[in-house]
Each structure stands twice: as structure tokens, then as C-alpha cells.
Amino acid sequence: MSRGLAGKPLLDPLTRLMEVLSAALSDYLGLPRGEVERQITRPPRSEYGDLSFPLLRYQRENWDAAAETVRGRLWEEGIRFAGVEVFRGFLNVRLDGEQLAEEVFRLQAAGWAPKPSPAPEPGVVVVEHTSANPIHPLHMGHARNAALGDSLARLLRGRGHRVNVRFYVDDVGRQSAVAALGFKLAGTTPGELAERMGVKKDWAVGWVYSVTHTAMDAVRLRGSEAVEDKAKLDEALAALARLKEKGPREVFEAILEGVGRLEDPEEAVAGIMRRYEAGLEPEKSLVRGIAEAVLEGFRETLERFGVSFDAWDWESWLVWSGRVARVIEEARRSRYHIIYKGAEALDIPRIIRELVEPDSEVRSRMPLPRGFEIPPLILVRSDGTTLYTTRDIAYSIYKFEATGADSVVNVVGADQRLPQLQVRLALLGLGYRREALNMLHYDYEIVRLPGRRMRSRRGEYVALDEVLDEAKARAAVEVRERNPGASEEFVERVAEAVAVGAVRFALVRPGRAKPITLQLEKVLDFKENSGPYLQYTHARANSILEKHGPIDYLKARPAALAEGDRRELLVEALRFPLVAAKAADDLAPEDLASYLLRLADEFNSWYQKDSVIHELDEGARHAKAALVKLVRDTLAEGLSLLGVEPLEKM
RNA sequence: GGGCCCGUAGCUCAGCCAGGAUAGAGCGCCGGCCUCCUAAGCCGGUGGUCGGGGGUUCAAAUCCCCCCGGGCCCGCCA
């Protein structure tokens, strides 16, 4: 971090203004600093000012006194302003453009670069994300999870928190056992099969899993007389017909016949689960081997996608290490332990009555559905194996213990709301109040295919690998067109970055509560409102700077940026530290995405009518170059926080 | 049956949590702009009963209630 002479971090002018303004207003109004800060916003029109506060919510009169107080405070702090006025109840502060420009020149000369305003109280944050079952390649649903989770991690890091990113490998569940059964029947391994099919290992496993799962469905449904089962059977058979075309015939037949020959396929799966949980061979090596193979594929895809993890946590390890057993022991000693439907369980309704309802802090941080009774949570199956939720309780505790985390963010689909809540309630019941309160379910809506859901079990999904390849192919065409004679290496590198940028941006920009219908043409549209648009704008700004050469801050004339469009662009770029900080605090990468689009729009509009390198006045030219540098560096940092590579040339 | 989420321009979305200043973008469509810093761009035009109704308020897209439409969840699955 660049520091000033006094050893203090160099603060950008808007972060400083925010600090002074919120302090002044919170003193004046007697309100908590945080509340004031939350309400200080960008005014809807730039004529109003640079920052704005809705005074009328707190005072119906005497607005001039508030303005006078703020003026006095800014004065004391040496912040020059062009105006502090109350207009229609809003207190608007407009900074002195010349001083702003001077500040920027000074900061840039000292090596400062835009970044989120530092968090007042940095903490340790765990972000768990993606955590796809290791039985098929990552599809676009997982990609949304990864894009969100990784952006959150980058944002939180940028804000100054210590972030620990974890992937939970769910190898103990039924689905892994199904895949294992498939490979057992097929008599092959993921590596062998992948080579034969000419695909990544995760794809090979995905195919075996879908075939096996669907075959089991078909066998089960065959015996049924119910009308709806007949329809389901037809659907399963159709899915099998499609799957048949995608892999080696003999392997397909071997699985199909194998499943048909089994007396009780469900019991075969359950048996694998039991033996795997117990850590017995050969199931242990079989299931592990499959999961490892898929993870290899995940890593390859994720690396491409710009996503990395600090730790991979194996669910099986939680079982084998005794951590799950410990949770069950703790449950047995707990006053909330009951027998429910003949199985060991936690009395969730009682936990709610005794630990949630009387505790206002818990109530406000763990909103429960009203009028909906959450049933007791079963911890152990009758056959002694554990349930996913039980293991998740152990994992939740582990995430805090292993990292010393202050808070844990779980990026998990919105369809998991109830189980996530159950885990938190269970933690509360077992005495892990701090953990229960500081674990957050960051939920997001699913990615749908036009007209239907993606279904891994039927092999009906659009894999992230395919989308990236398609995007890359399209990008390569454009890159070649725009850069005649460019090396293949350049085309390759830029196309890949554009592809990743397009996909990641498309997945992060819509609010997470919005279901995304995957329309490839939209994801692959590199026009305005896209990742590539931002990369392009960055490249354009970069190109100007290259042509301009080094900026001489002694020559740069601040007054050249003090008014008009240049001033507006300057202020907009300077908002970045505040915007990024708020996006981090709100866990809202989409807010950063919107901001970057607006900044790029303003830059492009300005670019069109005001030339930099053709500016005749030397002082103005260096000043404008500094402005371009500010915009370029801001876009670069913002894009990086979203995991989109800022390209220098494209 | 109950709970949660979503419904804003032809299409995709922002704004809603923390009510206020002329409801914003993009795509599409129509018309312009490359002897001048990257046209993945820019400028202009087109397009909105903020799902419907009621309420609270000086003020509602935003808060509350009811209704309609869509999705998800209510398992000894994950």
C-alpha cells in the first residue's frame, strides 16, 4: 500500500470527504456514523453536487444551520468546496474541481492506485463456494456460484479482510455412490474412459453418473402401474437414448445390464455408502478415485475461469476424523436430543422456542419463516450412516475452528434455504451461538435453460467448459478481424480473456435473487453492458496512454479538469473506492458491475469529443492524460475485483 | 395446504433492504458519425397503467395488507 509522509495510507479525496461529511452530520444530528454514511449517496443529477444527504428525513427546517456546520468542518479539514447547499431537503456537497485534480496528480505521482476504501475493522472471513458434487463437470449453475463466490472473495480481500476461500468436496453422499456403482458395473476407470471418449475426466464421470442414475430410475419405474410413473419412465428412457449416443456403446450396455441384473440397485448404492463412510476398501479407493478425477477437471476449468481456492475440504475426512461423530455425541448430551420417527434428531421447534424467540439478537439475525413449523432434524439414519445436514453441521464448526473466522459466507443456491437454516438452528441448539449468528447463507437463484431446469442426473446441462469454448471461438473471430496480422498467440490469449470476461460478467451483473435463463446469444454478446465492453474501454484508455507517453505531473494543469465533462468524469472515477467498499460490505458484486458500466459509458462519451494526444495546450494534455490514467486504473482494479482480466490491447 | 423469492419499456435488467430531487441502462427498431487517441465505440429518435387493488405518509416502484401470475422449498436425498 502506498503511504504518505506520515506513514498513513494515501486516502483518495472522496473517501476523505465521506469521512469528514459523515462525522460532521452524525455529530450535528446525533445519529450513528454508520446510519449517516449509508444515506450519503451520489445525487441523481451531477448539477446537484458530488455527494448528497437526505436532510429532510431528519429535519423539517433549519437546513441552513446544517449546511453551515458542514462548511465549517470541511474548512477545518482543508477540503475546498465549490458549494454546500440544501436543495429540496437534500444537503449537497460539491467539491472544488481544481483541488480534486491537484489531489489526483499528487496521488498518482506518489504511486497511488485506486482500490476500495479500507475496512475500519478488518476481520477474517471464510467464503465457501461452488462446492459442486464431484460426479459431473461444472455447469452454468455452478459457474454462477463460482463467479459470485470468487468476486465476493476478491471484493472482501480488496476491502482489507483476511479471506479464506474453501471448496467442500461432497464425496459421501448418495450421488457419489451412484457414480461408483456405475464404474463398478462398467469395469472401467475415469482415466481410461476419458481417454477413450476423448474428453476431460469430469465429463467421463458425468456421463457414467447420468447413465447409472437414469438406468436406476428406469428399473424402479418399470415395475410401477401408476400413470405418472409411466410418464416418468418414458422420460427416463428418452434420456437414456440420448445418453447412449454420447459414450462407448459397450460401457453403456454394461451399466444398463448391470443395473438390470441387480436384485436391489438401491441397496447396492446404500451398501457402497455404508462401506465408504466406514472407510472400507475397495469402496474407499473407488469413490475417492472418481472424486479425484472429477476434481482434476474442476481445477482445470476453474483455473481458466480465474477462480482459486485456499482449501479443499473433504466431507469424508469429517466423517473419518471423527468430527461428525463428535457432533452426534454433542447432540446426545444436548437437551434438544430426541427420537423422532424412530431416529436420533434435534428438536428444532424447541430450539426455536427456547433460544430464538426470547433472544432479540438471534431473532433479528436469523429471520425465520412465519407460520411455518420447521420439523425436527434427523441426524443419523436407521442404518447408522449420517445425513448431509449432520455432516454440514460438523463442517460449519470446522470452518470457524480451522481458520479463526469472524464470519463465514456460504455461497449456496436459494433452494437450500431450509437446510441452511436448519444447520444454523442446530448449531444454536448445540451451543455454537457465535457460529450460528455469524454464518451467512449467501443465496442465489438457479440458472435455467430456456424452458427447463438443468438436470445433472439426466445429463441435461450446459457445461461451463463448452460455454467458454464457444465464447472463445466467437471472440477469436473478432480479435483476428480487428488485429490483422496479429500472432496466433495474441489472438488466443485475448480471445480467452474475452470469453472469461463475458461469461463472468454476465453471471455476476444481475442481482442474485433473479433467476437467470441461460440465453447463450446474450452471454456471447460482446456489446455494451458486457464484460468485453469494459475490457475494450480499458484497452482504449490504455492505448491513449501509450501514445501519450509518460505523464509529467509538474506540467499537468489542474484547472483543465475543474469544469464540465472532464470534471464529471473525474468525480465519477473517484467514486470507485466508496462504491467498491460498499459493494464489499453489502456482498453485492453486481453494484460494482453497474458502476463500472456507468464509468465506461461516461469515458466513452467524453472520448468521442475531447482528444487527449491532439490537445495543443501542454498543461491540459498532461492533465487529461492523468484523467485517462485514473479511469484506466479504476477499470483495471474494478475488473480485477470481478475476476475479469483488464486487457491492454484487444 | 404452508413458507420463501421474483413480477419495472417488445426483450434482458438496475433502482426496493435504509420512502424523497424529471423511474435509469442495454438489446431491438429508425436515422446519423471512422482522411483525427481502438466503431466491441459515439450522437439523436422510438418505447414505461413500476403485475392488480387497498392502506400508511407531507411524499410510495420503494413500507403494510389482500389478490393474480411464475419459480423454489417443505425427505432416515443432496
Side-chain angles (χ1 to χ4, degrees), chain A residues 34-35 38-39 41 43-45 48 52 54-57 60 87-90 92 133 170 172-176 315 340-345 367-375 378-389 391-392 413-419 421 443 445-446 448 453 475 478-479 481-483 498 502 506 509-511 513-517 519 521-522 525-537 539-548 586 590-591 593-594 597-598 600-601 603-615 624-625 628 649-650:
Chain A
E35 182 175 344
R38 230 181 16 239
Q39 309 223 30
T41 56
R45 303 161 70 82
Y48 295 158
S52 179
L55 245 196
L56 79 179
R57 284 187 199 158
R60 303 305 311 269
F87 177 61
R88 298 211 215 177
F90 287 83
N92 297 316
N133 288 335
D170 176 16
V172 181
R174 206 190 94 92
Q175 296 184 304
S176 285
E315 193 175 19
Y340 176 70
K341 293 188 185 171
E344 291 188 63
L368 300 173
R370 287 169 301 182
F372 172 71
E373 168 111 332
I374 300 172
I378 293 175
L379 296 172
V380 188
R381 286 195 192 89
S382 309
D383 72 355
T385 57
T386 55
L387 280 110
Y388 179 82
T389 321
R391 301 188 295 264
D392 207 8
D415 52 348
Q416 308 279 317
R417 271 188 188 130
L418 185 58
L421 185 58
D443 56 346
E445 280 296 337
I446 53 167
R448 304 172 51 85
R453 258 194 102 147
E478 290 225 29
V479 178
E481 226 169 74
R482 286 156 197 281
N483 300 276
V498 167
R509 194 179 61 97
K514 222 97 169 188
I516 294 181
T517 299
Q519 289 169 299
E521 322 80 65
K522 286 231 154 69
D525 180 357
F526 304 150
K527 291 248 172 24
E528 224 161 314
N529 260 7
S530 74
Y533 168 70
L534 294 175
Q535 290 171 307
Y536 173 76
T537 305
R540 196 182 224 187
N542 191 61
S543 158
I544 295 173
L545 291 172
E546 273 181 13
K547 295 210 160 89
H548 177 275
D586 294 349
E590 66 274 19
D591 291 352
S594 303
L597 287 173
R598 193 170 50 212
D601 287 347
F603 174 77
N604 282 318
S605 297
W606 173 70
Y607 165 92
Q608 210 70 26
K609 55 192 177 203
D610 195 358
S611 177
V612 176
I613 67 175
H614 298 113
E615 168 68 57
K624 285 201 264 183
V628 173
K649 193 169 184 302
M650 68 187 273

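Predicted model, so just to flag it, every value in this text is computed and none were measured. In the text below, chain A, chain B and the rest are named by the order of the sequence lines, each starting its count at 1. Values reported hereafter were calculated over all heavy atoms of this structure, with side chains retained and with hydrogens, waters and symmetry mates removed.
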**Message:** Taking any heavy-atom pair under 4.0 Å as a contact, classify A/Glu373: base, sugar-phosphate, or nothing.
**Reply:** nothing
**Request:** State, with a plain yes or no, whether a side-chain heavy atom of A/Tyr388 is found less than 4.5 Å away from one of A/Glu315.
**Result:** yes
**Request:** Look at all strands and tell whether A/Lys609 reaches a base, only sugar-phosphate, or nothing, counting heavy atoms closer than 4.0 Å.
**Result:** nothing
**Prompt:** Stacking here means centres under 5.5 Å and planes under 30°; does A/Phe87 stack on B/rA21?
**Reply:** no
**Fill in**
Of the candidates B/rC4, B/rG15, B/rC37, the side chain of A/Asp591 sits closest to B/rG15
**Request:** Write down the distance separating the C1' atoms in B/rA61 and B/rG20, rounded off to the nearest Å.
**Result:** 13 Å
**Request:** For A/Arg381 and for A/Asn92, find the nucleotide of RNA chain B with the closest heavy atom, then tell me which residue's nucleotide is more 5'.
**Result:** A/Asn92
**Message:** Side chains of A/Glu528 and A/Asn604, heavy atoms from C-beta outward: is any pair under 4.5 Å?
**Reply:** no
**Request:** Under 4.0 Å between any heavy atoms, over every strand shown, what does A/Ser52 touch: base, sugar-phosphate, or nothing? Just pick one.
**Result:** base
**Request:** Could you check whether A/Gly173 gets within reach of a base, just the sugar-phosphate, or nothing at all, counting any heavy atom under 4.0 Å?
**Result:** sugar-phosphate
**Request:** Answer yes or no: is there a donor N or O on one side and an acceptor on the other, between the side chain of A/Thr537 and the main chain of A/Tyr533, under 3.5 Å?
**Result:** yes
**Request:** Would you indicate which nucleotide in B/rC5, B/rA21, B/rA18 comes nearest to any side-chain atom of A/Arg38?
**Result:** B/rA18
**Item:** Sugar-phosphate only, base, or nothing, as touched by A/Val172 at under 4.0 Å among non-hydrogen atoms
**Value:** nothing
**Prompt:** So, the side chain of A/Lys624 versus the backbone of A/Ser611: is there a donor-acceptor pair under 3.5 Å, distance only?
**Reply:** yes
**Fill in**
Regarding the side chain of A/Ala343, the nearest nucleotide among B/rG41, B/rC4, B/rC76 is B/rC76
**Asked** Is the base of B/rA25 touched by the side chain of A/Ser594 through a donor-acceptor pair closer than 3.5 angstrom?
**Response** no
**Asked** OP1 or OP2 of B/rG20 less than 4.0 angstrom from a side-chain nitrogen or oxygen of A/Arg57, does that happen here?
**Response** yes
**Asked** Between B/rC37, B/rA78, B/rC76, which nucleotide has the shortest distance from any of its atoms to the side chain of A/Lys547?
**Response** B/rC37
**Message:** From the set B/rG41, B/rG20, B/rC76, return the single nucleotide nearest to any side-chain atom of A/Tyr533.
**Reply:** B/rG41
**Worked check of side chain to side chain contact (heavy atoms under 4.5 Å, CB included) between A/Leu387 and A/Arg381** = CA-CA 7 Å; A/Leu387 280 110; A/Arg381 286 195 192 89; 3.9 Å; yes
**side-chain N/O A/Arg370 vs B/rG2 OP1/OP2, d < 4.0 Å** = no
**Prompt:** Quick one: does A/Ser176's side chain have a donor or acceptor within less than 3.5 Å of a partner on A/Val172's backbone?
**Reply:** no
**Asked** Under 4.0 Å: is that the gap between some side-chain N or O of A/Tyr388 and OP1 or OP2 of B/rC76?
**Response** no
**Request:** Would you indicate what A/Asn133 reaches in the nucleic acid, counting non-hydrogen atoms under 4.0 angstrom: base, sugar-phosphate, or nothing?
**Result:** sugar-phosphate
**Distance test, side-chain N/O of A/Thr389 to OP1/OP2 of B/rA78, below 4.0 Å** = no
**Prompt:** So what does A/Tyr607 touch, heavy atoms closer than 4.0 Å: a base, only the sugar-phosphate, or nothing?
**Reply:** base
**Request:** Select one nucleotide: of B/rA18, B/rG20, B/rA78, the one nearest the side-chain heavy atoms of A/Asp586.
**Result:** B/rA18
**Request:** Please state whether the phosphate of B/rG7, meaning OP1 or OP2, lies under 4.0 angstrom from any side-chain nitrogen or oxygen of A/Lys514.
**Result:** yes
**Message:** Under 4.0 Å, counting only non-hydrogen atoms across every strand here, what does A/Ile613 touch: a base, just sugar-phosphate, or nothing?
**Reply:** base
**Asked** OP1 or OP2 of B/rC76 sitting under 4.0 Å from any side-chain N/O of A/Arg174?
**Response** no
**Asked** For A/Thr386, does its backbone N or O pair with a side-chain atom of A/Arg391 as donor and acceptor, under 3.5 Å?
**Response** yes
**Request:** Let me know, please, whether A/Pro510 or A/Gln175 comes out on the 5' side of the other along RNA chain B by nearest nucleotide.
**Result:** A/Pro510
**Minimum-distance nucleotide (side-chain atoms of A/Arg417 versus B/rA78, B/rC6, B/rC4)** = B/rC4
**Message:** Measuring to OP1 and OP2 of B/rC76, would you say a side-chain N or O of A/Lys341 lies under 4.0 angstrom away?
**Reply:** yes
**Request:** May I ask you to say what A/Pro44 touches in the nucleic acid, namely base, sugar-phosphate or nothing, with a heavy-atom cut-off under 4.0 Å?
**Result:** base
**Request:** Answer with base, sugar-phosphate or nothing: what part of the nucleic acid does A/Asp610 contact at a heavy-atom distance below 4.0 Å?
**Result:** base
**Message:** A side-chain contact here means heavy atoms from C-beta on lying under 4.5 Å apart; do A/Arg509 and A/Glu590 qualify?
**Reply:** no
**Item:** Atom-to-atom span, CZ of A/Phe372 to C1' of B/rC72 - whole angstrom
**Value:** 12 Å
**Message:** Rounding to an integer number of Å, can you tell me how far A/Asp415 CG sits from B/rC5 P?
**Reply:** 15 Å
**Message:** When you compare the ring of A/Phe90 with the six-membered ring of B/rA21's base, are the centres less than 5.5 Å apart and the planes under 30° from each other?
**Reply:** yes
**Item:** Value in whole Å for how far the P atom of B/rG75 lies from CG of A/Leu379
**Value:** 16 Å
**Asked** With a non-hydrogen cut-off below 4.0 angstrom, is A/Ser605 in contact with a base, only sugar-phosphate, or nothing?
**Response** sugar-phosphate
**Asked** What does A/Ala513 touch in the nucleic acid at a heavy-atom separation under 4.0 angstrom: a base, only the sugar-phosphate, or nothing?
**Response** sugar-phosphate
